[in-house]
**Student:** 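My questions all concern the structure below.
We number each residue from 1, following the sequence as shown.
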Amino acid sequence: MRDKKEREFQLRYVKSQLKDKKQSAIRAKNYYERYVERMRIRQMKRKTREELIFKRLFEDGLEIQKARLRDLREYTKEKREEQAKRQKSEIESLENYYRDQFGMLAESMAQERREVQLRETAQAKAVAKMRRELRKRMEREIEDLQEAMIRDEDDAYFREIDAERLRDQ
């Protein structure tokens with residue numbers, strides 16, 4: 001019986017040892033699993049934190065790029081507007097220049113037209129005056145010729161009378 005008790009004790013002891021080993025193994029496994037889980041959570045937290053940092057960095061970089069792009073667009077727009085103003089000013093200047101040149105040309109042509117009209121009027125008056133003078137001179141010459149002819153006829157008549165008288169004598 002003692003043997004039996006001893007065996008039972010040993011059996012209980014072995015069972016207890018096995019149970020302790022089993023429980024120890026389960027505890028170690030649980031501890032390891034909790035450790036792995038905590039490490040995984042830490043890794044995820046760290047990874048998430050890093051991702052958040054990178055995400056913030058990316059967003060900040062993106063905002064900086066957007067701001068630069070806005071500034072560049074604004075600068076380009078201002079330069080285009082300045083160039084358009086300069087071009088408009090140049091065009092207006094050229095328009096004014098050509099308008100002035102055209103005005104001066106029109107004025108010059110009008111002055112020339114007036115001068116031509118004055119010359120034509122003066123020339124027409126001169127021609128009319130020359131015609132009048134020529135007509136008067138021709139009329140005088142005709143009158144002189146008519147008088148000369150009348151005198152000649154009178155002289156011829158008197159000569160004929162003289163010639164008849166002389167003949168009669």
Side-chain angles (χ1 to χ4, degrees), residues 5-144:
K5 279 188 181 185
E6 204 175 291
R7 263 194 260 157
E8 280 182 24
F9 176 73
Q10 278 183 352
L11 189 64
R12 267 189 269 147
Y13 177 74
V14 169
K15 279 184 181 178
S16 138
Q17 285 289 326
L18 281 174
K19 189 178 176 184
D20 281 347
K21 272 187 179 181
K22 214 178 198 183
Q23 283 179 352
S24 185
I26 289 173
R27 264 186 266 138
K29 186 179 174 188
N30 284 341
Y31 175 76
Y32 178 75
E33 286 174 355
R34 278 184 282 165
Y35 172 76
V36 167
E37 183 65 22
R38 277 186 284 172
M39 290 305 287
R40 190 180 61 76
I41 289 172
R42 277 187 192 167
Q43 286 287 0
M44 285 178 66
K45 281 183 182 179
R46 189 176 336 133
K47 189 176 179 183
T48 304
R49 198 173 336 122
E50 286 175 357
E51 285 176 355
L52 284 174
I53 290 170
F54 283 123
K55 185 178 179 182
R56 277 190 225 122
L57 282 173
F58 176 75
E59 288 172 354
D60 290 345
L62 191 61
E63 284 302 315
I64 290 169
Q65 289 297 325
K66 285 179 181 178
R68 284 183 183 168
L69 189 58
R70 273 192 304 271
D71 292 344
L72 186 60
R73 284 181 182 158
E74 188 65 31
Y75 175 76
T76 305
K77 181 182 175 185
E78 288 173 4
K79 286 298 180 184
R80 263 194 232 123
E81 288 173 356
E82 286 176 16
Q83 185 177 6
K85 283 180 184 178
R86 191 170 43 252
Q87 199 172 29
K88 183 180 178 183
S89 174
E90 288 174 2
I91 288 172
E92 286 175 355
S93 176
L94 284 173
E95 285 176 350
N96 288 337
Y97 172 75
Y98 285 114
R99 190 178 303 120
D100 291 346
Q101 291 295 316
F102 184 72
M104 289 180 357
L105 180 63
E107 189 178 320
S108 173
M109 289 175 66
Q111 180 67 28
E112 194 173 314
R113 233 181 274 126
R114 285 191 295 270
E115 289 173 1
V116 167
Q117 282 180 331
L118 284 173
R119 281 194 301 264
E120 287 176 352
T121 305
Q123 193 175 21
K125 286 180 182 177
V127 167
K129 183 179 176 185
M130 287 172 58
R131 281 186 182 162
R132 278 193 308 274
E133 289 175 359
L134 185 60
R135 189 177 297 124
K136 284 180 184 178
R137 197 173 87 206
M138 287 176 72
E139 285 174 358
R140 264 184 275 136
E141 286 179 4
I142 290 173
E143 284 175 8
D144 289 344

**Student:** Do we see a donor-acceptor contact under 3.5 Å between the side chains of Glu107 and Gln111?
**Tutor:**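 Absent: no donor and acceptor within the cut-off.
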
**Student:** Enter the distance from Tyr98:OH to Leu105:CG here, rounded to the nearest 0.5 Å.
**Tutor:**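 Interatomic distance, Tyr98 OH to Leu105 CG, rounded to 0.5 Å: 13.0 Å.
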
**Student:** Quick one: NZ on Lys88 to CD on Glu81, what's the gap to the nearest 0.5 Å?
**Tutor:**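 Lys88 atom NZ to Glu81 atom CD measures 12.0 Å (nearest 0.5 Å).
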
**Student:** Side chain of Ser108, backbone of Met104: donor and acceptor closer than 3.5 Å?
**Tutor:**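 Judged by distance alone, no pair lies under 3.5 Å.
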
**Student:** How long is the span from the CE atom in Met44 to the CD atom in Glu51, to the nearest 0.5 Å?
**Tutor:**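 That separation rounds to 9.0 Å.
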
**Student:** CD of Glu59: more than 12 outside heavy atoms within 6.0 angstrom?
**Tutor:**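 It does: Glu59 CD has more than 12 such atoms within range.
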
**Student:** Between Ser89 (side chain only) and Lys85 (backbone N and O only), is there a donor and an acceptor less than 3.5 Å apart?
**Tutor:**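 Between the backbone of Lys85 and the side chain of Ser89 there is no qualifying donor-acceptor contact (under 3.5 Å).
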
**Student:** Would you find more than 12 non-hydrogen atoms of other residues, nucleotides or ligands less than 6.0 Å from Gln83 atom CD?
**Tutor:**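 Open: at most 12 neighbouring heavy atoms sit under 6.0 Å from CD of Gln83.
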
**Student:** Hey, could you give me the CD/CZ distance between Glu92 and Arg99, rounded to the nearest 0.5 Å?
**Tutor:**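 Separation between the atoms: 9.0 Å.
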
**Student:** Roughly how far apart are Ile53 CD1 and Thr48 OG1, rounded to 0.5 Å?
**Tutor:**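 Taking CD1 in Ile53 and OG1 in Thr48, the distance rounds to 11.0 Å.
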
**Student:** When rounded to the nearest 0.5 angstrom, what distance separates CG in Asp71 from OG1 in Thr76?
**Tutor:**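 Reported value, rounded in 0.5 Å steps: 10.5 Å.
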
**Student:** Give a yes or no on whether a salt bridge exists between Glu141 and Arg137, defined as a side-chain N under 4.0 angstrom from a carboxylate O.
**Tutor:**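 Between Arg137 and Glu141 there is a salt bridge, with a charged N closer than 4.0 Å to a carboxylate O.
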
**Student:** Is the shortest distance from a Lys or Arg side-chain nitrogen in Glu139 or Lys136 to a carboxylate oxygen in the other one below 4.0 Å?
**Tutor:**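 Salt bridge between Glu139 and Lys136, a charged N being under 4.0 Å from a carboxylate O: no.
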
**Student:** So, Arg40 and Glu37, do they make that salt bridge, N to O below 4.0 Å?
**Tutor:**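 Here Arg40 pairs with Glu37 in a salt bridge, since their nearest N and O are under 4.0 Å apart.
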
**Student:** Output every pair passing side-chain hydrogen bond (donor to acceptor under 3.5 Å, both in side chains) with a member in residues 26-36, not counting sequence neighbours, ordered by first then second residue.
**Tutor:**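 Passing the test, one end in residues 26-36: no pairs.
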
**Student:** Could you walk me through whether Glu74 and Glu78 pass the side chain to side chain contact (heavy atoms under 4.5 Å, CB included) test, one step at a time?
**Tutor:** CA-CA 6 Å; Glu74 188 65 31; Glu78 288 173 4; 3.7 Å; yes

**Student:** Got a sec, which residues hit side-chain contact (heavy atoms from CB on, under 4.5 Å) with Glu143, two or more places apart in sequence or on another chain?
**Tutor:**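 Residues passing side-chain contact (heavy atoms from CB on, under 4.5 Å) with Glu143: none at all.
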
**Student:** Counting heavy atoms not belonging to Met39, are there more than 12 under 6.0 Å from its CE?
**Tutor:**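 Buried by this count: over 12 neighbours within 6.0 Å.
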
**Student:** Count the heavy atoms belonging to other residues, nucleotides or ligands that lie under 6.0 Å from CZ of Arg38, then report whether that count exceeds 12.
**Tutor:**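 Counting other residues, nucleotides and ligands, CZ of Arg38 exceeds 12 neighbours.
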
